[in-house]
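Please read the structure below before turning to the comments.
What you see is a predicted model; the values in this text were computed from it and never measured.
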Amino acid sequence: MGTLTYFLRIFAVFLLSVGFAWAQEEVVEEPGPPAVDDDVFVQAVEVDGEQLFAVRGSTALPAEERAALVAKRIVDVAERSEATTVVMGVERGELGQTIFADGVMVSVTTQADADYEQMELAVLASLHAEAIEAAILTYRANRTDEAFSHSTLTALAWSAIFAFYCGILFWLRKRVPRLLAGIVELRTRAIQEATGDIVQSQAVSNIAKFLIRLLVDITLFTGFYYYLSFVLHSFPNTRPIAELLIRYVTDPILELMMGFVSYVPNLVTILIIAAIARWMIKAVYLFFESVDKGVIELKTFEDHWVWPTYNLIRGAIILTAAVICFPYIPGSDSAAFQGLTILVGIMVSLGSNSVISNVLAGLFVLYKRSMNVGDRIRVGDHYGDVMQIRLMETYLRSVKNELISIPNATLLSSEVINYSSKIDGKGLLLHTTVGIGYEEPRKKVEAMLIEAARRTKGLKKSPEPFVLVTGLLDFATNYQINAFTTRGSSLPLLLSELHKNITDVFNENSVQIMTPNYETDTPELKISEVEWDEPLAHETAAEAAAQKA
C-alpha cells in the first residue's frame, strides 16, 4: 500500500499543480509571511521521506537543526517498541505546547509556529501530535516482517517489469533502426539523383539510424532511473534516497508542465495571430497571382514587379505578426530576455550599414531594373548572364561558366551594359580596331574590313557594316569595323570569328597589320601564308618516330 499511496500522492500533486497554474491569474493570494522567512527560517520535518509539518527556526536553533532533532526523536520513540498504539500527550510549557509520545518529549509547538500557520497554538499542537502519532505507527508498520516481505515482492515485481521493458527496448533497438534506415534510404534515393549525389541517401539513412538508437537509449536510461527509484522506494530504509531521486526528475518536469499550462492562453493568442497572418499572406498571394496571370490589370504596374512586391508585403506581414506576438512569448518580460534584445539591437545597428545599403539598392534594382533574368550584361570587369536578382545581391554566370555574386549596392553605383536589350530593332553594334600602315590605300583597307565582316556568320548584312577611322598614329592609321548583330549572347564568339576573318583577308591581300606599333621594320612583310596545311611539330616528331620503328 505504501508504493500505491506514493504514486497517488505524486498524481495528486500534479493535478493540484495544474489547477493552480490555471487559477493563478484569477485567485488573489492572502497576505502571508515574507518570502525570506519561508526560505530561511522554516523547515519541514521528514520521516521516511514523508513530510509531517513545518517548524520555525531561530538564530539560536536554526530550522534545519530543529526539524532534524524532532525527526530523530520520532524515530527513537518508534524504535523503542513494536506496539500498534501510541500514547500521546500535550502539555503547556514555558516555550509553548510540549508534545509527548509514550511519555517521551518529542516536540514543542511554539507561538512562532502558530503565527506562521496562522492558527491557534492549541489547535496547531493537536495537529502536530496527530501527525507524530501517525508517523510513529507507520514507521513501525513498515518495519515488520510482513511489510518487509511485501516490499521485497514489490521490488521483484518492479524488476520483472523493468526486465520486460528492457527486452522490448533492446528488440526495438535492433530491428527498428534498420527498418527505418531502409525506408529513409529508399525515399532519399530520388533526392540523391536530383542533387547529383550532393545529398547521399546512405548518409541520411545512417543519421536516421543513429537518431532512433539515441532515442531508444534515452528511453532505456529514463526507465532505469525510475526503476531504481521505485525499488528504493519499496523499502522504508532507502525511501528518502528514492524521494530525492524522484525529485531530481519529477519536480523539473512538473515545473515545465506547470509553466506550459500557465502559458497556454498566450500560446493560443500566438496561434491566432499566426493564423491571421497566414490567411493574409495567402490572400496577398492570390491577388498577385491574379495580377501575374492577367486576371487583374494594374495599368502602371510592370510585370517583373509582381513577385518582388509580394515578397516585400509577405515580409512586412510576418514582421508585424512577430512584433505583436513578442509580449506573449514566455520570458519576454524578463531582464535576461530584454538584455539579449538590447545586445542583438546593438549588433544589428553596428553591423548592418552595408546590409541596409544593399537591401535599399536591391529595391531599386528590382523596381527600376536595367536588366532581367537571362540577359547578358557587363558590370565593370564582370561579363555574363543574369541568373538571379535577389534583395541583397545579383548572381551572374560568366562566359567561362563562373558564378559571380555582385552586391546590389555595387550594381546600383556601376554602369550596367545590357547586351540583350532591344532599343531600336537594329541590334548591337559589334566593333574592333586594327592599325594599318600609311602606305596602304584607305579604300582598300575599308574594303578588306567590310569583307571580313561579311564572312563572319552572325553579323547582319543590313544595315551594312561600315568602317570608321578612329586615329592617325605615328606609324599607322586606326580603322574600326562596325557591324550589327542580334546575337548579343554570343559576342565573344562573334568577335573571335571576326578577328579570324580579318587576319585571313589581310593575309590574302598581302597587307600587314601594324598593331601593336613598332618603330623599325624590315622591308619584308610580316604576314603569314594564305593557305596553311602543314603538320605541327609534335605531329612531325611522331611521324619520324614511326618511320624509325
Legend entry - Contact check, side chains of S107 and I132, non-hydrogen atoms, under 4.5 Å: yes

Legend entry - Pairwise side-chain contact, F287 with I296, heavy-atom cut-off 4.5 Å (strictly under): yes

Legend entry - Least distance between heavy atoms, A67 atom then A44 atom: CB-O, 3.7 Å

Inset, instruction - Applying side chain to side chain contact (heavy atoms under 4.5 Å, CB included), run through L220 and F170 and close with a yes or a no. - result: CA-CA 9 Å; L220 180 63; F170 283 128; 3.9 Å; yes

Inset, instruction - Verify side chain to side chain contact (heavy atoms under 4.5 Å, CB included) between K282 and R278, making sure each step is shown before the conclusion. - result: CA-CA 6 Å; K282 187 175 182 180; R278 183 180 179 185; 5.6 Å; no

Inset, instruction - State whether the side chain of R66 and the backbone N or O of R56 hold a donor-acceptor pair below 3.5 Å, judged by distance alone. - result: yes

Inset, instruction - Kindly say whether T110 contributes a backbone atom to a donor-acceptor pair with the side chain of D113 at under 3.5 angstrom? - result: yes

Inset, instruction - Kindly state whether the ring of Y227 and the ring of W158 have centres lying under 6.0 angstrom apart. - result: no

Legend entry - V90 to A125 - nearest heavy-atom pair and separation: CG1-CB, 4.1 Å

Legend entry - Donor-acceptor contact below 3.5 Å, side chain R397 vs main chain M387: no

Inset, instruction - Classify the angle between the aromatic ring planes of H128 and F53 as parallel (below 30°), tilted (30 to 60°) or perpendicular (above 60°). - result: parallel

Inset, instruction - Check the surroundings of atom CE in M280: do more than 12 heavy atoms from other residues, nucleotides or ligands lie under 6.0 Å from it? - result: no

Inset, instruction - Decide if atom OH of Y225 counts as having more than 12 heavy atoms of other residues, nucleotides or ligands within a radius under 6.0 Å. - result: yes

Inset, instruction - State whether D102 and R73 are salt-bridged, where the test is any N-O pair (Lys NZ or Arg NE/NH1/NH2 against Asp/Glu carboxylate O) under 4.0 Å. - result: no

Inset, instruction - Could you pull out the closest heavy-atom pair between T138 and A134, with the gap in Å? - result: OG1-O, 2.7 Å

Legend entry - Nearest-0.5 Å distance that lies between atom CD1 in I136 and atom CZ in R80: 10.0 Å

Inset, instruction - Would you mind reporting whether Q97 and V108 have side-chain heavy atoms less than 4.5 Å apart? - result: no

Legend entry - Euclidean distance, Y285 OH relative to N311 CG, rounded to 0.5 Å: 11.0 Å

Inset, instruction - Please round to the nearest 0.5 Å and tell me the distance separating atom OG1 of T219 and atom CG of L169. - result: 6.5 Å

Inset, instruction - Decide yes or no for D217 and R173: does some side-chain heavy atom of the first lie under 4.5 Å from some side-chain heavy atom of the second? - result: yes

Inset, instruction - Would you please say whether a donor-acceptor pair under 3.5 Å links the side chains of N266 and T269? - result: no

Inset, instruction - Compute whether any side-chain donor of one residue and acceptor of the other, for T98 and E91, lie under 3.5 angstrom apart. - result: no

Legend entry - Inter-residue atom distance E65.CD - S58.OG, 0.5 Å rounding: 9.5 Å

Inset, instruction - Give a yes or no answer on whether the side chain of D292 reaches the backbone of F288 with a donor-acceptor pair at less than 3.5 Å. - result: no

Legend entry - Close side-chain approach of Y395 to V386, heavy-atom, < 4.5 Å: no

Legend entry - Side chain proximity check, E289 to V295, heavy atoms < 4.5 angstrom: no

Inset, instruction - Test R140 against V86 for side chain to side chain contact (heavy atoms under 4.5 Å, CB included), laying out the working first. - result: CA-CA 11 Å; R140 292 173 179 176; V86 181; 3.8 Å; yes

Legend entry - Whether over 12 other heavy atoms sit under 6.0 Å from I168 CD1: yes

Inset, instruction - For residues I270 and C325, report the shortest heavy-atom separation together with the two atoms involved. - result: CG2-SG, 4.1 Å

Inset, instruction - Output the distance between atom CG (L312) and atom CZ (R314), rounded to the nearest 0.5 Å. - result: 10.0 Å

Legend entry - Sub-4.5 Å side-chain heavy-atom contact between L396 and I406: yes

Legend entry - Pairwise side-chain contact, V284 with I317, heavy-atom cut-off 4.5 Å (strictly under): yes

Legend entry - Closest non-hydrogen atom pair between A54 and V42, with its separation: CB-CG1, 3.8 Å

Inset, instruction - Mind checking the CG-CD1 spacing from L69 to I74? Nearest 0.5 Å is all I need. - result: 10.0 Å

Inset, instruction - Output yes when a side-chain donor or acceptor of T222 lies under 3.5 Å from a complementary backbone atom of I218, and no otherwise. - result: yes

Legend entry - Ion pair check, K72 and D76, cut-off under 4.0 Å: yes

Legend entry - Closest contact, heavy atoms only, L121 versus G96: CD2-CA, 4.4 Å

